[in-house]
Amino acid sequence: MTSNPQPAHGSQPWLHQKGEVIQEFGTVKQFPVGLSYEARMYACQRLNKVLADTQILYGLYKKHHWLMRGATFYQLHIVLDKHAGEQLELVDTLAERVQSLGGVAIGDPRHVAEITSIPRPPDGVEEVPAMLSRLLEAHEAILIDAHDAAARTAELGDDGTNDVLVSQVIRTGERQAWFLAEHLVDTPLVRA
(Lines give C-alpha, C1' and ligand atoms only; values in the text may rest on other atoms or scores of the structure.)
Protein backbone atom coordinates (compact mmCIF):
# COMPACT_ATOMS: atom_id res chain seq x y z
CA MET A 1 0.00 0.00 0.00
CA THR A 2 1.47 3.32 -1.02
CA SER A 3 0.65 6.65 0.53
CA ASN A 4 0.28 9.59 -1.80
CA PRO A 5 0.27 12.92 0.11
CA GLN A 6 -1.47 14.67 -2.78
CA PRO A 7 -4.97 13.76 -3.91
CA ALA A 8 -5.17 11.86 -7.17
CA HIS A 9 -8.39 13.64 -8.06
CA GLY A 10 -9.78 17.07 -7.29
CA SER A 11 -12.52 15.63 -5.06
CA GLN A 12 -10.20 14.58 -2.23
CA PRO A 13 -9.93 17.22 0.51
CA TRP A 14 -6.46 18.31 1.61
CA LEU A 15 -6.70 17.34 5.26
CA HIS A 16 -4.59 18.25 8.31
CA GLN A 17 -3.31 21.52 6.93
CA LYS A 18 -1.42 23.95 9.14
CA GLY A 19 -0.98 27.61 8.42
CA GLU A 20 0.77 30.72 9.57
CA VAL A 21 -1.09 33.31 11.62
CA ILE A 22 -1.61 36.12 9.13
CA GLN A 23 -3.04 38.64 11.63
CA GLU A 24 -2.55 38.58 15.38
CA PHE A 25 -5.43 39.10 17.79
CA GLY A 26 -5.36 42.64 19.16
CA THR A 27 -4.19 44.21 15.90
CA VAL A 28 -6.04 46.10 13.20
CA LYS A 29 -5.14 46.22 9.55
CA GLN A 30 -5.71 49.30 7.45
CA PHE A 31 -9.20 49.52 5.98
CA PRO A 32 -10.58 52.51 4.06
CA VAL A 33 -13.42 53.23 6.48
CA GLY A 34 -12.59 56.85 7.26
CA LEU A 35 -11.50 56.23 10.85
CA SER A 36 -8.08 56.66 12.41
CA TYR A 37 -5.98 53.72 13.47
CA GLU A 38 -6.46 54.75 17.11
CA ALA A 39 -10.26 54.89 16.78
CA ARG A 40 -10.38 51.49 15.10
CA MET A 41 -7.98 49.91 17.60
CA TYR A 42 -9.96 51.28 20.54
CA ALA A 43 -13.28 50.14 19.07
CA CYS A 44 -11.98 46.63 18.36
CA GLN A 45 -10.67 46.26 21.91
CA ARG A 46 -13.96 47.39 23.44
CA LEU A 47 -16.10 45.41 20.98
CA ASN A 48 -14.12 42.25 21.66
CA LYS A 49 -14.73 42.65 25.39
CA VAL A 50 -18.47 43.09 24.83
CA LEU A 51 -18.36 40.22 22.35
CA ALA A 52 -16.72 37.88 24.88
CA ASP A 53 -19.24 38.79 27.57
CA THR A 54 -22.12 38.41 25.10
CA GLN A 55 -20.92 34.93 24.13
CA ILE A 56 -20.93 33.99 27.81
CA LEU A 57 -24.40 35.51 28.28
CA TYR A 58 -25.63 33.46 25.31
CA GLY A 59 -24.24 30.33 26.97
CA LEU A 60 -25.90 31.21 30.27
CA TYR A 61 -29.23 31.70 28.51
CA LYS A 62 -28.97 28.28 26.87
CA LYS A 63 -27.91 26.60 30.13
CA HIS A 64 -30.77 28.14 32.09
CA HIS A 65 -33.22 27.39 29.26
CA TRP A 66 -32.30 23.70 29.53
CA LEU A 67 -32.29 23.62 33.34
CA MET A 68 -35.46 25.64 34.01
CA ARG A 69 -37.78 24.21 36.69
CA GLY A 70 -41.03 24.97 38.50
CA ALA A 71 -44.45 26.47 37.93
CA THR A 72 -43.26 28.97 35.32
CA PHE A 73 -41.17 26.38 33.47
CA TYR A 74 -42.88 26.72 30.11
CA GLN A 75 -42.97 30.52 29.99
CA LEU A 76 -39.35 30.88 31.11
CA HIS A 77 -38.16 28.02 28.91
CA ILE A 78 -39.60 29.86 25.88
CA VAL A 79 -38.42 33.37 26.83
CA LEU A 80 -34.89 32.23 27.70
CA ASP A 81 -34.55 30.48 24.35
CA LYS A 82 -35.84 33.58 22.55
CA HIS A 83 -33.36 35.77 24.42
CA ALA A 84 -30.53 33.31 23.64
CA GLY A 85 -31.33 33.62 19.95
CA GLU A 86 -31.22 37.41 20.16
CA GLN A 87 -27.87 37.25 21.97
CA LEU A 88 -26.52 34.95 19.27
CA GLU A 89 -27.50 37.55 16.67
CA LEU A 90 -25.59 40.15 18.70
CA VAL A 91 -22.53 37.88 18.77
CA ASP A 92 -22.52 37.82 14.98
CA THR A 93 -23.13 41.57 14.69
CA LEU A 94 -20.32 42.41 17.13
CA ALA A 95 -17.86 40.04 15.45
CA GLU A 96 -18.65 41.45 12.02
CA ARG A 97 -18.15 45.00 13.31
CA VAL A 98 -14.69 44.07 14.64
CA GLN A 99 -13.82 42.53 11.29
CA SER A 100 -15.15 45.53 9.35
CA LEU A 101 -12.78 47.78 11.32
CA GLY A 102 -9.79 45.61 10.35
CA GLY A 103 -9.59 43.78 13.67
CA VAL A 104 -9.76 40.14 14.70
CA ALA A 105 -12.94 39.05 16.44
CA ILE A 106 -12.58 36.84 19.50
CA GLY A 107 -14.10 33.46 18.78
CA ASP A 108 -12.41 30.60 20.60
CA PRO A 109 -14.36 29.78 23.78
CA ARG A 110 -11.12 29.29 25.72
CA HIS A 111 -9.99 32.79 24.76
CA VAL A 112 -13.44 34.17 25.58
CA ALA A 113 -13.18 32.61 29.06
CA GLU A 114 -9.86 34.40 29.61
CA ILE A 115 -11.22 37.91 29.02
CA THR A 116 -14.86 37.79 30.11
CA SER A 117 -15.92 39.61 33.26
CA ILE A 118 -19.04 37.47 33.68
CA PRO A 119 -18.59 35.11 36.66
CA ARG A 120 -18.75 31.39 35.98
CA PRO A 121 -21.94 29.77 37.29
CA PRO A 122 -21.99 26.52 39.24
CA ASP A 123 -21.94 23.44 37.05
CA GLY A 124 -25.16 22.17 38.64
CA VAL A 125 -28.70 23.51 38.72
CA GLU A 126 -29.50 26.60 40.76
CA GLU A 127 -32.91 27.69 41.99
CA VAL A 128 -34.89 29.63 39.38
CA PRO A 129 -34.56 33.08 41.04
CA ALA A 130 -30.79 32.57 41.27
CA MET A 131 -30.60 31.69 37.57
CA LEU A 132 -32.60 34.77 36.62
CA SER A 133 -30.49 36.96 38.93
CA ARG A 134 -27.33 35.59 37.33
CA LEU A 135 -28.66 36.56 33.88
CA LEU A 136 -29.58 40.04 35.15
CA GLU A 137 -26.10 40.56 36.61
CA ALA A 138 -24.52 39.54 33.30
CA HIS A 139 -26.79 41.94 31.44
CA GLU A 140 -25.89 44.77 33.78
CA ALA A 141 -22.15 44.16 33.36
CA ILE A 142 -22.50 44.21 29.58
CA LEU A 143 -24.73 47.30 29.66
CA ILE A 144 -22.29 49.25 31.85
CA ASP A 145 -19.44 48.36 29.49
CA ALA A 146 -21.50 49.08 26.37
CA HIS A 147 -22.63 52.50 27.63
CA ASP A 148 -19.04 53.48 28.38
CA ALA A 149 -17.73 52.14 25.05
CA ALA A 150 -20.54 53.85 23.12
CA ALA A 151 -19.75 57.23 24.66
CA ARG A 152 -16.03 56.90 23.94
CA THR A 153 -16.47 55.66 20.37
CA ALA A 154 -18.81 58.59 19.72
CA GLU A 155 -16.06 60.95 20.92
CA LEU A 156 -13.68 59.26 18.45
CA GLY A 157 -16.13 59.78 15.58
CA ASP A 158 -16.89 56.07 15.20
CA ASP A 159 -20.60 56.37 14.53
CA GLY A 160 -20.90 52.78 13.27
CA THR A 161 -19.59 51.22 16.46
CA ASN A 162 -21.61 53.65 18.55
CA ASP A 163 -24.73 52.65 16.61
CA VAL A 164 -24.11 48.91 17.08
CA LEU A 165 -23.57 49.40 20.80
CA VAL A 166 -26.56 51.70 21.35
CA SER A 167 -29.21 50.46 18.94
CA GLN A 168 -28.45 46.77 19.25
CA VAL A 169 -26.44 45.78 22.35
CA ILE A 170 -27.92 48.32 24.78
CA ARG A 171 -31.50 48.26 23.52
CA THR A 172 -31.62 44.46 23.36
CA GLY A 173 -29.98 44.13 26.77
CA GLU A 174 -32.28 46.63 28.45
CA ARG A 175 -35.39 44.97 27.04
CA GLN A 176 -34.23 41.49 28.02
CA ALA A 177 -33.28 42.65 31.53
CA TRP A 178 -36.75 44.17 31.92
CA PHE A 179 -38.42 40.89 30.95
CA LEU A 180 -36.25 38.91 33.38
CA ALA A 181 -36.61 41.35 36.27
CA GLU A 182 -40.40 41.21 36.03
CA HIS A 183 -40.21 37.46 36.72
CA LEU A 184 -38.57 38.24 40.07
CA VAL A 185 -41.31 40.61 41.30
CA ASP A 186 -43.13 39.31 44.34
CA THR A 187 -46.76 39.72 43.33
CA PRO A 188 -49.44 39.37 45.99
CA LEU A 189 -51.99 36.59 45.66
CA VAL A 190 -55.44 37.73 44.59
CA ARG A 191 -58.04 36.55 47.08
CA ALA A 192 -61.67 36.24 46.16
Side-chain angles (χ1 to χ4, degrees), residues 21-29 31 33 35 39-68 76-123 126 131-154 156 158-181:
V21 173
I22 59 173
Q23 184 180 355
E24 294 290 335
F25 181 80
T27 65
V28 293
K29 59 186 174 184
F31 266 179
V33 293
L35 292 170
R40 292 181 304 108
M41 179 62 93
Y42 180 82
C44 287
Q45 290 170 345
R46 295 303 298 268
L47 287 166
N48 267 319
K49 175 66 172 67
V50 173
L51 175 57
D53 289 344
T54 301
Q55 289 179 65
I56 296 297
L57 179 57
Y58 164 76
L60 284 175
Y61 264 116
K62 290 306 286 189
K63 175 184 177 171
H64 297 334
H65 158 77
W66 297 321
L67 302 179
M68 194 46 54
L76 285 171
H77 184 75
I78 297 298
V79 78
L80 296 183
D81 200 38
K82 179 180 183 295
H83 285 191
E86 293 168 353
Q87 288 299 316
L88 191 56
E89 288 179 24
L90 288 177
V91 165
D92 197 50
T93 298
L94 289 162
E96 288 177 356
R97 182 63 188 166
V98 170
Q99 295 301 127
S100 74
L101 293 171
V104 177
I106 190 166
D108 187 302
R110 294 162 294 193
H111 191 188
V112 167
E114 290 172 4
I115 71 166
T116 187
S117 63
I118 308 299
R120 181 178 174 164
D123 291 335
E126 294 178 283
M131 287 191 273
L132 297 179
S133 291
R134 185 173 299 285
L135 290 167
L136 284 168
E137 289 165 7
H139 270 296
E140 187 171 33
I142 292 169
L143 288 166
I144 289 168
D145 197 27
H147 278 289
D148 183 64
R152 182 72 177 116
T153 56
L156 293 169
D158 186 352
D159 299 323
T161 298
N162 175 274
D163 181 56
V164 165
L165 291 167
V166 173
S167 68
Q168 295 184 48
V169 174
I170 293 172
R171 287 194 180 142
T172 300
E174 288 175 345
R175 183 180 43 77
Q176 289 183 348
W178 169 45
F179 274 53
L180 293 176

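Model, not experiment: these values are computed from the prediction.
In this structure, Thr93 contributes its side chain and Glu89 its backbone to a donor-acceptor pair below 3.5 Å. At least one donor-acceptor pair closer than 3.5 Å links the side chain of Asp53 to the backbone N or O of Ser117. Side chain of Gln23 to backbone of Thr27: a donor-acceptor contact under 3.5 angstrom is found. For Thr172 (side chain) and Val169 (main-chain N/O), no donor-acceptor pair under 3.5 Å exists by modelled atom type. A donor-acceptor distance shorter than 3.5 angstrom exists from the side chain of Asn48 to the backbone of Val104, with no hydrogens or angles considered.
In this structure, NE2 on His139 lies 5.5 Å from CG on Leu180, to the nearest 0.5 angstrom. Distance check, rounded to the nearest 0.5 Å: CG of Leu143 to CZ of Arg171 gives 12.5 Å. Remark: Gln168 CD to Asp163 CG distance equals 6.5 Å, nearest 0.5 Å. Atom CZ of Phe25 is separated from atom CD1 of Ile106 by 4.5 Å, given to the nearest 0.5 angstrom. In this structure, the separation between CG on Leu90 and CG on Leu57 is 9.0 Å, given to the nearest 0.5 Å. Taking CH2 of Trp66 as the reference point, atom NE2 of His77 lies at 10.5 Å (rounded to 0.5 Å).
Cation-pi geometry between Arg40 and Phe31 is not satisfied (NZ or CZ under 6.0 Å from the ring centre, within 45° of the ring normal).
Between Thr54 and Ile142 there is a side-chain heavy-atom pair separated by less than 4.5 Å. No side-chain heavy atom of Arg152 sits under 4.5 Å from any side-chain heavy atom of Asp148. His65 is not listed as a side-chain neighbour of Tyr61, based on a closest heavy-atom distance of 4.5 Å or more. Looking only at side-chain heavy atoms (C-beta outward), Val33 and Ser100 stay at 4.5 Å or farther from each other. With a 4.5 Å cut-off on side-chain heavy atoms, Leu135 and Leu80 count as touching. For the pair Leu132/Leu76, a side-chain contact is recorded, criterion being any heavy-atom separation below 4.5 Å from C-beta on. In this structure, the side chains of Arg97 and Asp158 come closer than 4.5 Å at one or more pairs of heavy atoms.
Salt-bridge annotation for Arg110 and Glu114: absent, with no side-chain N of the basic residue lying under 4.0 Å from a carboxylate O of the acidic one.
When the options Gln176, Lys82, Gln55 are evaluated for a side-chain hydrogen bond (donor to acceptor under 3.5 Å, both in side chains) with Gln87, the one that passes is Gln176.
Closest approach of Ala146 to Ile170, counting heavy atoms only: CB-CG1, 3.7 Å. Minimum heavy-atom separation, Cys44 to Val28: SG-CG1, 3.6 Å. Here the closest non-hydrogen pair linking Ile118 and Ala141 is CD1-CB, 3.9 Å. A pairwise comparison of heavy atoms in Val98 and Ala105 identifies CG1-N, 3.6 Å as the closest pair. Between Arg134 and Arg120, the shortest heavy-atom distance links the atoms NH1-O, 4.1 Å. Contact detail for Ala84 and Lys62: the closest heavy-atom pair is CB-CD, 3.5 Å.
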Query raised in the report: Passes side chain to side chain contact (heavy atoms under 4.5 Å, CB included), Thr161 versus Leu35? Steps please.
Result: CA-CA 11 Å; Thr161 298; Leu35 292 170; 5.8 Å; no
Report task. Would you sort out whether Lys63 and Met131 count as a side chain to side chain contact (heavy atoms under 4.5 Å, CB included), showing the intermediate values? Result -> CA-CA 9 Å; Lys63 175 184 177 171; Met131 287 191 273; over 6 Å; no
